[in-house]
Amino acid sequence: MPEGPELHLASLFVNETCRGLVFGGCVEKSSVSRNPEVPFESSAYHISACARGKELRLTLTPAPGAQPPQEPLALVFRFGMSGSFQLAPAHALPPHAHLRFYTAPPAPRLALCFVDIRRFGHWDPGGEWQPGRGPCVLLEYEQFRENVLRNLSDKAFDRPICEALLDQRFFNGIGNYLRAEILYRLKIPPFEKARAVLEALQQHRLSPELTLSQKIRAKLQNPDLLELCHLVPKEVVQLGGKGYGPEHGEEDFAAFRAWLRCYGVPGMSSLRDRHGRTIWFQGDPGPMAPKGSKSRKKKSQATQQGPEDGPKDPPPPSKAPPRTRRAQRHLTKTATQQPEATGLQQAPTVPEKGRKKGQQTTSGLRRPQKIKADASPGESGTASAS
């Protein structure tokens, strides 16, 4: 899922690619999108963007003398699970381009497209940031820090720290991969109570005898959790590109994958939080870990198939000897008497040679194949984390 760094990178992409371009005509929405129509039409206008946390604002500004005369229009986007912006030739739109802004003639027409494969993204023609979201962890660090420490009595901090980090009222821009990386660097158990972790920061004060440069150096060398909520997203932005994932190019994805220390990394453990989202960690999960749940360790790269490896070859066909007619009749009889399997997939039972009639084997039980979930940055989430 795109998080704060990806929204910031998307705004940089829009500003760089649209600089010097003149757009014109209507804003076009795909017929399958349930998002609102964009009531804007101009003979000539420019597009600019800025990001705040997990939202991006696109501003359409009419050029001087453009017709019909009108005020600039702002759209606020939330990317959901798969939103992004692409610039493409007007005659070769990318799949799932659900909102299109076309350049004006006579130059070869281009289209700035909001592409959203999963269609969980949303745009709002009102142009206002979503109410209730806190300050941006990237661009409004001081306000963000103050907002968290001032509201530690909120019931959100009764929850485990891994869940509190997804609450956009306080951590606007933090998502699933960022929370794992931040907690891992500080060796904080993900299911430690959030208030217990954050109250310690209220008492943390640097000595007034230190110079400004010494204070800066001390913070960079030993950042606390709230400082890492600012510094770790900055590292992702500095990786460049438009974000992560194979659809953005293998080079972008490889750089992001090499940067990860915890999220989805072989050898790390994982659990699902109260919202069903997977948190990756190392060591003890903490006292508020879900009862009865067992942490899963990701296999090493030597035994795990990577996303680029493709499907594995099917197993060779069985070379078991053919059954006798008597064994086949017995198989048909026992198969009709067997109850429907639940949980385990039970193989037919066949009498072994040398056993007495009616005595059955217990071998041949197949364990159900485990389905991996949340193994990539593009996983599903909850409303509070989008």
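Keep in mind it's a predicted model, so treat the numbers as computed, not measured.
Residues H46 and R19 fail the side-chain proximity criterion, which asks for heavy atoms closer than 4.5 Å. The shortest distance between side-chain heavy atoms of L198 and L226 falls below 4.5 Å.
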In sequence, state the C-alpha distance, the side-chain angles, and the governing distance for W259 and V232, and then conclude on side chain to side chain contact (heavy atoms under 4.5 Å, CB included). CA-CA 11 Å; W259 172 85; V232 174; 3.6 Å; yes
Intermediate values then yes/no, side chain to side chain contact (heavy atoms under 4.5 Å, CB included), F157 and V197: CA-CA 9 Å; F157 299 106; V197 173; over 6 Å; no
Evaluate the criterion side chain to side chain contact (heavy atoms under 4.5 Å, CB included) for residue pair S33 and L99; output intermediate values, then yes/no. CA-CA 9 Å; S33 174; L99 198 64; over 6 Å; no
Step-by-step side chain to side chain contact (heavy atoms under 4.5 Å, CB included) determination, E6 to K54: CA-CA 8 Å; E6 287 69 51; K54 283 194 175 184; over 6 Å; no
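For D124, the salt bridge (charged side-chain N to carboxylate O under 4.0 Å, His left out) test picks out no residue, with sequence neighbours left out. A search for salt bridge (charged side-chain N to carboxylate O under 4.0 Å, His left out) contacts involving E140 returns R52, not counting sequence neighbours. A search for salt bridge (charged side-chain N to carboxylate O under 4.0 Å, His left out) contacts involving R185 returns E235, not counting sequence neighbours.
If you check the side chains of D116 and H96, you find no donor sitting under 3.5 Å from an acceptor.
Connection of L149 to V137 is established within a shared hydrophobic cluster, with ILVMFWY side chains joined at heavy-atom distances below 4.5 Å, either directly or through further cluster members. Hydrophobic clustering of Ile, Leu, Val, Met, Phe, Trp and Tyr side chains at less than 4.5 Å, counting indirect connections, unites V27 with F85. In the hydrophobic clustering of this structure, M288 does not group with I161; members are Ile, Leu, Val, Met, Phe, Trp, Tyr whose side-chain heavy atoms approach within less than 4.5 Å, directly or through other members. The hydrophobic clustering, which links ILVMFWY residues whose side-chain heavy atoms are closer than 4.5 Å, places L260 and F281 apart. Linking ILVMFWY side-chain heavy atoms closer than 4.5 Å, directly or via other members, places L228 and L201 in a single hydrophobic cluster.
In this structure, F40 and Y45 have perpendicular ring planes: the angle between them is above 60°, well past the 30° mark. Note on ring orientation: taking the six-membered ring where Trp is involved, the planes of Y141 and F144 are tilted (angle from 30° to 60°).
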List the atom pairs, donor and acceptor, that lie under 3.5 Å between side-chain atoms in residues 60-69 and the rest of the protein, sequence neighbours left out.
none

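The minimum heavy-atom distance linking E163 with R274 is given by the pair OE2-N, 2.9 Å.
By the 4.0 Å N-to-carboxylate-O rule, D154 lies close enough to R169 to be salt-bridged with it.
Contacts classified as salt bridge (charged side-chain N to carboxylate O under 4.0 Å, His left out) and involving residues 85-112 (residues at least two apart or in different chains) are given here: E28-R100.
Side-chain heavy-atom separations under 4.5 angstrom define the hydrophobic clusters, and the remaining members of the one that includes Y102 are L93.
Annotation for K155: atom NZ does not count as buried by contact number, only 12 or fewer foreign heavy atoms lying within 6.0 Å.
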